[in-house]
Number of protein chains: 2
Amino acid sequence: LKAILIVCDGLADRPIDELNGRTPLEVAKKPFIDKLAGLGATGIMDTIAPGIPPGSDTAHLALFGYDPHEVYRGRGVFEALGAGLKVESKDIAFRCNFATVDSELRVVDRRAGRISTEEAGELSKSLRNLTSKKHPDVKIIFKHSTEHRGALILRGRGLSRQVSDSDPEGREVKIQRVKALDNSGEARKTAEILNELTEMTYKILNKNPINLRRKQAGKPPANIILFRGAGQMPTVTSISEIYKIKAACVVPNALVRGVAVAAGMTPINVPEATGTVETDTVAKAKAAVNALAKNDLVLIHVKGADNASHDGNLKQKIRMIEKIDEMLEYLLENLDMNETYIFLTPDHATPIKLQNHVGDPVPIVMAGSGIVKDDVNFFSEKTCAKGGLCRLRGINLMPIIMNYLGKIEKFGA
Amino acid sequence: LKAILIVCDGLADRPIDELNGRTPLEVAKKPFIDKLAGLGATGIMDTIAPGIPPGSDTAHLALFGYDPHEVYRGRGVFEALGAGLKVESKDIAFRCNFATVDSELRVVDRRAGRISTEEAGELSKSLRNLTSKKHPDVKIIFKHSTEHRGALILRGRGLSRQVSDSDPEGREVKIQRVKALDNSGEARKTAEILNELTEMTYKILNKNPINLRRKQAGKPPANIILFRGAGQMPTVTSISEIYKIKAACVVPNALVRGVAVAAGMTPINVPEATGTVETDTVAKAKAAVNALAKNDLVLIHVKGADNASHDGNLKQKIRMIEKIDEMLEYLLENLDMNETYIFLTPDHATPIKLQNHVGDPVPIVMAGSGIVKDDVNFFSEKTCAKGGLCRLRGINLMPIIMNYLGKIEKFGA
């Protein structure tokens, strides 16, 4: 028995006026997602708890069976894991952006004109041997991932994740001085290193020939690194250890991939999967089906609907639902449903109108041998609320999956 | 106001191919259970938590209002309570089997040919004065219950429940040497006593005239005692104390009766109730109705459907449901439903196909004055998922019962 878990980031929505009060899930053409609903059981789920708007990292921690209130210690560590870095338990990790600043370190473009993966990769070579002058004992590891994105690890004694971001994130134009968030020497030391790194990356990158060429071409130079989301490894036991299973994941998005890696899933690279609305969902489905041969559980994460929601792009959100439906078509045609379970759920709702995560419950569907069917055969926020699963919590999902796979031990006699 | 709680062990199931995807609850003739559904409200319930397969002991702890994750400390103590032994807080208690071993202590029959209650009772007289040579300070109490079953208590200083079982439970043929499961002197001492007892019971029982007679008659001798499920008293406040009520139980099964006793229920002996598929359910119903005169709450436990499920015997499971229906017929005809509440639920699902407990939600029904009726008038896994109770946890049930009995105090002003 095997399972595929499909998490559609930000898929759920609220009634939209221009859709006459319907939601994107109610207007998109999605015969195969609806077929899945008809085959199995539906319900609604509070990923963290009713009313709590989840981040994608905390939502996935919950979906993998961990209590995010207990284990979550910042996003940076997931960005680092997702970028392929090994993270040690005392490391402090950050999400990084290549950005454009002017000579007074005012942030002109937080994403350096969404610089290409190739150019940013080339630039990152000049950031290989960063050392703090004040704290030369601390090892500094920078890794670029895709486009403007990267991750940073600080490794050494006396560090803390209690530091603010240098990334102003649109709140101010000037780059932020990193501050200690408590009175500890550890937080002060960490802030000092980051402030030193801010200046250092500007000096190194601003004179890099690639940036000189970008300026000449009228493109914003990627001439500084912004830091945010200080994080430390959550102390979790991997699901492979808890349930004695093998798990893999198809997750182009670095943050969510990092959570999956922290939970013990092996990432599978699918070049056609981009983590954007341009992604090839069928290629992901194919990779997942192949991975099932050697794994008990394969996670597919689809980011596009969340991107479209954050951009307020209704048409694109509906198109993404239809692309997810193509994935379901492939899965339902290529999987033996007597041997395989499919679970599909958003990690949270991102209403088009609000362009941000909210704490609404999300619809969920599961199908496979032994799952008691309900009468719902249409997948939406409204119909699933009438489903046989009633209302679940995100943290319940992984035990439910493992229960159907027969991978969870009886508690008691 | 009074309440009867009927727990049907292992009653729930999954869709079964040979029933065209229906469950035993969907095919059995059970007009009176369905009548109860029509009178009241239904729902589904996760006895412990979604996906977690409960043991019958942990499930009943939850149904009696205790968090098994907090209070559960092994099954042995419930077996001892169920066998009628008084258990002290520091006692270590075990479930015991009369078994058959050959001269090299290989287990030939874990149940000694399901020896009769009479013969095993006679044999147990030779186990009255057991003393450890190494640890003569420890009091050893053995008590036989029914057929091959019994319980053991070790009472004294420096004992621990962190010991393994001597019962190989089909995993190996050779009797297991009991091991300490941690590095404590307490665990080592306890293991030493059990290993001594293993040899001692063999020496005593093997030469017992009853066994010599059994051998001559071609029957397996009950020539050793197997130990398993080391347990210690959970520190719980009895429900009679919490709610200031009187509670009784009709529970032939020793394990579950032990949990009920730990929760403060007085056991009622019903000779016709056997804890097997042969049980007389109407006799249990009669005893329960009589007991209501002096009690606020009476628990009826029916084990048969679980036995049938563990044996993979579909016909017997369906027959057990019909026998439970006869019980409901008696109750509905002999109780004033204006004055009495009936709650009926499985403790967990034991699918015929898997012959083991699973973590699926179970259907539940409750009826009585003031309970808001829903539209469900058929009791099954599927229909109850549409019921007015939505989805409960096992630990919620006792406060719900006490709420209708008016026995739970307002929290706050």
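Side-chain atoms are counted along with the backbone in the values below, which use heavy atoms only and exclude waters and symmetry mates. Here the structure is a predicted model, which is why all the values come from computation and not from measurement. Residue numbers start from 1 in every chain, and the chains themselves are labelled A, B, ... in the order their sequence lines are given, proteins ahead of strands.
Residue-environment remark: CD (A/E409) stays at or below the threshold of 12 foreign heavy atoms within 6.0 Å. More than 12 heavy atoms of other shown residues, nucleotides or ligands fall within 6.0 angstrom of atom NZ in A/K410. Crowding of A/K2 atom NZ: a count of heavy atoms from other residues, nucleotides or ligands under 6.0 Å exceeding 12.
Under the 3.5 Å distance criterion, the side-chain polar atoms of A/N396 are left unmatched by any main-chain donor or acceptor of B/P50.
Here the closest heavy-atom approach between residue A/N403 and residue B/G359 is recorded as OD1-N, 2.7 Å. Taking both residues in full, the closest heavy atoms of B/G51 and A/I408 are given as O-CG2, 3.6 Å, listed atom of the first, atom of the second, then distance. The minimum heavy-atom distance between A/C390 and B/A385, with the atom names listed, is SG-O, 3.6 Å. A pairwise comparison of heavy atoms in B/R391 and A/R391 identifies CD-O, 4.4 Å as the closest pair. Taking both residues in full, the closest heavy atoms of B/D57 and A/A413 are given as OD1-N, 2.8 Å, listed atom of the first, atom of the second, then distance.
Neither the backbone nor the side chain of B/P351 comes within less than 4.5 Å of any heavy atom in chain A. Using a 4.5 Å cut-off between heavy atoms, B/D360 contacts chain A through both its backbone and its side chain. For A/L392, the part sitting under 4.5 Å from any heavy atom of chain B is the side chain, from C-beta outward, and nothing else. B/K382 touches chain A through backbone and side chain together, each having a heavy atom under 4.5 Å away. Heavy-atom distances place no part of B/H348 under 4.5 Å from chain A, backbone and side chain included. When heavy atoms are compared at a cutoff of 4.5 Å, B/R75 approaches chain A solely by way of its side chain, counted from C-beta outward.
Within the model, atoms CD1 of B/I52 and CD1 of A/I400 stand 9.5 Å from one another, a figure rounded to the nearest 0.5 Å. Here the straight-line distance linking atom CZ of A/F411 with atom OG1 of B/T47 works out to 12.5 Å at 0.5 Å rounding.
Contacts with chain A were tallied for B/P361, B/P53, B/P15; B/P53 has the most, counting heavy-atom pairs under 4.5 Å. The greatest number of non-hydrogen atom pairs below 4.5 Å with chain A, out of B/G229, B/P68, B/A49, is found for B/P68. Of all the listed residues (A/G388, A/G370, A/G406), the one sharing the greatest number of non-hydrogen pairs under 4.5 Å with chain B is A/G370. Chain B forms more heavy-atom pairs under 4.5 Å with one residue of A/I371, A/D375, A/L397 than with any other, namely A/D375.
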